[in-house]
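By convention in this document, chain letters (A, B, ...) are assigned in the order of the sequence lines, proteins followed by strands, and residues within each chain are numbered from 1. Source: prediction; values computed, not measured.
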Amino acid sequence: MSERGRTLEIHTSPHLSSGASVDVIMRNVVFALLPVAGFAVYSFGLAAALTMGVAVLSCVATEHLLCRFAVTPTTVRDWSVTITGLLYGLTLPPALPLWMVACGGFIGVAMGKCLFGGLGYNAFNPALVARAFLQAAFPAAMTSWVPAMASERFTSVPASTFTVPFAAPVYDGVSSATPLSLFKFDGQLTAGGDLLLGLTSGSAGETCALLILAGGVYLAARKMLNWRIPAAIFATVALLAWGFNVADPQAYPPASFMLFSGGLMLGAVFMATDMVASPITNAGCVVYGVLIGLLVTVIRFWGGMPEGVMYAILLANAASPHIDGLIQPRVFGTGRG
Amino acid sequence: MLRALQAQRSFAHGVHPPQAKDETRDLPIKQFPFAPVMIVPLSQHIGKPAVPVVREGQEVSRGQLIAEADGFMSVAMHAPASGLVQRIALAPGIGGRMAPAIFIKPFPGSSQEISEGTPCALDTASPEDILLAIQQAGIVGLGGAAFPTHVKLKVPEDKPVDTLIINGVECEPYLTTDHRVMLEQPGDIFTGIRYLLKVTGAARAIIGVEANKLDVVDVLQPALPDDLPVTVEVVAVKYPQGAEKMLIRALLGREVPSGGLPSDVGVVSVNVATAAEIGRLLPHGRGIQERVITIGGPAIRKKGNYRIPIGTPLRFALEYAGMDEHLSRVFLGGPMMGQALPSLDIPITKGTSGFIAFTDTQTAAQAEYPCIRCAYCVDACPLFLNPSQLGLLARAGEFERMADEFNLMDCFECGSCSYVCPAHIPLVQRFRGAKSQLRKRQAAS
C-alpha cells in the first residue's frame, strides 16, 4: 500500500450533509411562482409579460453588475435575486411604464439588498422595497389598473407600457378598479368566485388566490416556507374582519373578501415568508404573522389607501429582529417556559 | 403493536441521516490479527495519562499491566499482545499532536494467552472495590467519549440514583459494534449490569435500544435473568438518540439540567459495550486490551465488526481490511461526530468505536452561502439552541455572548445543525473554535 502522493482530507465533523442547499430552496420558490406568473400573463396579456420580464432582468442585472463593481464573484446563481425580480413584477400594475419598472428593480436590489450586504443580510424584502419606492415616486401610475381578460390583451400593449422615461404616462382605453378600491371608494363588493379564480383587476400576480395557495402548499410541504406565517396572517385578518363585519356590514367587508382580495394572498404566502426578513423561531413567526395581519386590517379599514399589505410586511420586517430578540427557543434543561 | 408504540418514544428535534448499517449489521464479531508493532498511547482517556510500569526491552504477556493510573482521573493500560516492549517514545495522536506511547512488538510464535489477575467477586466486593477494579481494568466509556468509567460511576452522595441506563442506541451511521455486542454477549452485559447496579445503588436498569435493532430485543428479552431488575426498551430511530441527555429524555421523560449531569435527575448511563466489558473482565481480574470496532464506509473492501487489539496502527488495519485506491477521508468514530485523521500512523485506542473511510467522490466540498435564517438548524438542535445566531456571533468573534446569552457551552457538537444547513456553514467547527477561544481567555484571566 502506498499513500504517498495521496492526500488525506481533514475536515471537522459532521462528515455527512443532508444535501439541502440554498440555491435549491431558492429555485423551488421560483418554480412555485411560475404558475402564478403564467396566470398573470394569461389574465393581463403582453403587458404583464413585459412588466415581469423587465422586472426580473433589471433585478438580476443590478445584482450582477454591483457584484462586478465590488469585485466579488457574482451571486445571481443562488437564484435569490430571480425570486426578488419575479415577485416584484407580480406586485406591479400590469400596464406600468417599463422604465419605471426598471428604476424600481434597480432601487430595490441596490438599496434593499446589496447595500445591506446581499443575501442573508437584507432587513427588508427587496421586492417590496422596490415597490414601495415606486408607490412613493409614481403614485398615479401605481394605481392605474387595466381590466383582466381584455379581448385584445395578446395582440396589443397598453400605450402606457412604452412611455418615454420621465414623461407622464398616457392611459388609453378602459381604466379599471381593483376589488379593494371598488369597496373602499364605491362600497361595491366583488364576487368571491371571481376573487378565487383571479377574474378581477389588480397587480399582475395578486389576483388568482388558488394558484398562490397551491404554490404555498408546495413550498410548505417541502419545508421551504414556514406555514405558520401565512396561517397567522390569515387567522388575524379573518378574525378582525369577521368581528367588524358582524358589527357593521355596511362599513366593513366580510372576512372572505378581506382574505382573497388585493395582495394579501401573494404577500402572506410569498413575501412575508422571506426567510431572511422573518423571525427564526416558530413562535416568533406567529407573532410576526399576527402583526402583519393587524397592520393590514388597520390600513385597509382606516387608512387612506385601499391596500396595506406592502407596508404591513415592511413594518413587520423591521420588527423581525426585535421579535427574535424577545423570543428564543427554550434551551433544553433550563426549566419549562 | 406494542413495539410500534414504543418506537415513538424519543426526544424533540434531531435529524435522520442515512443509517448505512446494513452492510455490517449481520456480520459476527471477528478477531483481528496482531500488527507487527502495537502502539499503546499512555493517554487514551480524558484525564491524566497513565504511568508506565514496564521498561524498554522488557518482555510482557498479553493482558499484563503496562501502565498504571496516575490519580483518580486516570486509568490503567494493559499489554495488547505478548511480546517485547521496543521503546517508550512519542507517537502521533489523533489531533496530530505527538504523545508518549509504549511500542510493543508481539512474539510471532506466542500462544497469546491472556494473563489472569485477581478477580473482583460480585458477591463479596464492596462498591469501592468494584470502582477500583474498574479503574484498574482500564475501563473507559467505549461509546467514543473515553471518559473514565469509575469517575462517572462515583455519584455524589447527596444525589441518589434510581435508574441505571444501559445505552445500546448506537445512533451514529455505519457503526454496528454495540449492535453486535448485544447480540453476541448478553451474558457479559447482564453480569456488567450486576456490578453497575451494586456500584450506583440504582434500583433498576433499562437497556435502551433504537428501533432499527429489534433483533437485539428478540435476543435480550428471553435471556433476561429473573433476579435482575432490568428491562429492554425501544426508542425511535433518530440522531442523536444515543446522546446521554436525549436518551434519558426519551426513556424517562427527565431533562438533565443545563450544565448538569445525569445524576442530577437520578440517572447514571453507561454504554452497552462498556457494561459488557465490565462483565467480561472483572470476574477474571483482566484489563481492556482489545475492543470491538466497525470498519466500514464506501472505501473499505472487507467491511466488518472486529475485536481489535488496542494499539493496532490504522495503516495495518486498513491494509488488512483492504481499501479503495481513491480513499481520501478516514475518520475515527461515526460520520456525525467522528474525527478526521491527518495520518494513518495513528493507533486504535479505547475510545475508537469504528473507523470509516470515504473516497474522494463522496466528500466533494460544497460552496458556502450566507446564512439565510431558514431555521433548519433551530429545528434540528436537540438542545433547542439557536445555531444560526451562534454561527453569526462566532463569525463576529463575540464568544462571551455566545456562552452567556445563547448557551454555547451546552452544545455537545452532535453535528445536527451542520448536517441540515443549506448554506453549508461549518457551524460545529465554529462552535468548537469559539469554545477553545473562551477556554484560552478564561485561562489567561
Side-chain angles (χ1 to χ4, degrees), chain A residues 1-3 6-26 73 75 77-80 116-122 223-226 228 273-285 320-321 324-325 327-337, chain B residues 15 17-18 173 245 249 255-260 315 318-319 323 327-331 333 335-344 356 358 360 363 366 369-376 378 381-386 388-389 406-407 410 413 415 418-424 426 428-429 432:
Chain A
M1 173 186 105
S2 89
E3 84 282 3
R6 170 188 295 140
T7 322
L8 282 180
E9 268 178 57
I10 311 177
H11 185 284
T12 59
S13 63
H15 306 281
L16 296 177
S17 149
S18 66
S21 189
V22 166
D23 56 330
V24 175
I25 296 176
M26 297 296 172
T75 50
R77 280 186 207 96
D78 65 27
W79 287 82
S80 66
F116 280 89
L119 177 66
Y121 300 98
N122 49 295
K223 296 212 184 331
M224 293 170 176
L225 169 157
N226 193 335
R228 291 165 191 85
T273 52
D274 180 346
M275 289 166 166
V276 179
S278 59
I280 202 156
T281 61
N282 287 334
C285 283
S320 169
D324 271 344
I327 303 178
Q328 282 290 320
R330 185 197 66 84
V331 175
F332 188 94
T334 54
R336 307 254 159 223
Chain B
V15 294
K245 288 183 174 184
R249 176 81 182 74
E255 242 176 60
V256 178
S258 163
R315 185 184 304 276
L318 273 173
E319 263 174 55
M323 61 182 183
L327 173 114
S328 84
R329 190 185 289 183
V330 184
F331 38 88
M336 292 300 282
M337 288 184 77
Q339 213 170 352
L341 292 180
S343 142
L344 296 180
I356 311 297
F358 281 0
D360 42 14
T363 56
Q366 292 167 299
Y369 291 101
C371 172
I372 57 165
R373 301 165 44 78
C374 64
Y376 286 9
V378 175
C381 180
L383 292 184
F384 287 71
L385 304 178
N386 184 342
S388 159
Q389 186 68 29
F406 294 94
N407 294 62
D410 277 344
E413 299 165 19
S418 302
Y419 174 76
V420 295
C421 182
H424 314 130
V428 176
Q429 185 177 346
R432 281 198 194 104

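Only the side chain of P173(B) comes within contact range of chain A, judged by heavy atoms closer than 4.5 Å. For Y419(B), the parts lying near chain A are the backbone and the side chain together; criterion is any non-hydrogen pair under 4.5 Å. Residue contact with chain A, scored on non-hydrogen atoms closer than 4.5 Å, is absent for I356(B). For S80(A), no part sits under 4.5 Å from any heavy atom of chain B, backbone or side chain. For a residue to count as touching a neighbouring chain, one of its non-hydrogen atoms must lie under 4.5 Å from one of that chain's; by this rule N282(A) touches chain B with the side chain only. Using a 4.5 Å cut-off between heavy atoms, T273(A) does not touch chain B at all.
Between chain B and the residues L225(A), L119(A), D274(A), V24(A), the largest count of heavy-atom pairs under 4.5 Å involves L119(A). Heavy-atom pairs under 4.5 Å with chain A were tallied for C371(B), C421(B), G338(B); the largest tally goes to G338(B). Between chain A and the residues V330(B), N386(B), D410(B), the most heavy-atom pairs under 4.5 angstrom are made by N386(B). Among the candidates I280(A), N122(A), D78(A), the residue making the largest number of heavy-atom pairs closer than 4.5 Å to chain B is I280(A).
Between the CG atom of L383(B) and the CZ atom of R330(A) there is a distance of 10.5 Å, given to the nearest 0.5 Å. Atom CE of M275(A) sits about 7.0 Å away from atom CE of M26(A), to the nearest 0.5 Å. Taking OH of Y369(B) as the start and CD1 of I25(A) as the end, the distance is 10.5 Å to the nearest 0.5 Å.
Looking at Y121(A), its side chain never comes within 3.5 Å of a backbone N or O of P370(B) through a donor-acceptor pair. With hydrogens and angles disregarded, no donor-acceptor distance shorter than 3.5 Å links the side chain of S258(B) to the backbone of G333(A). Here the side chain of H424(B) pairs a donor or acceptor atom with the backbone of A20(A) at under 3.5 angstrom.
Applying the side chain to side chain donor-acceptor pair (under 3.5 Å) test to R432(B) and every residue at least two apart in sequence or in another chain returns S13(A), E413(B).
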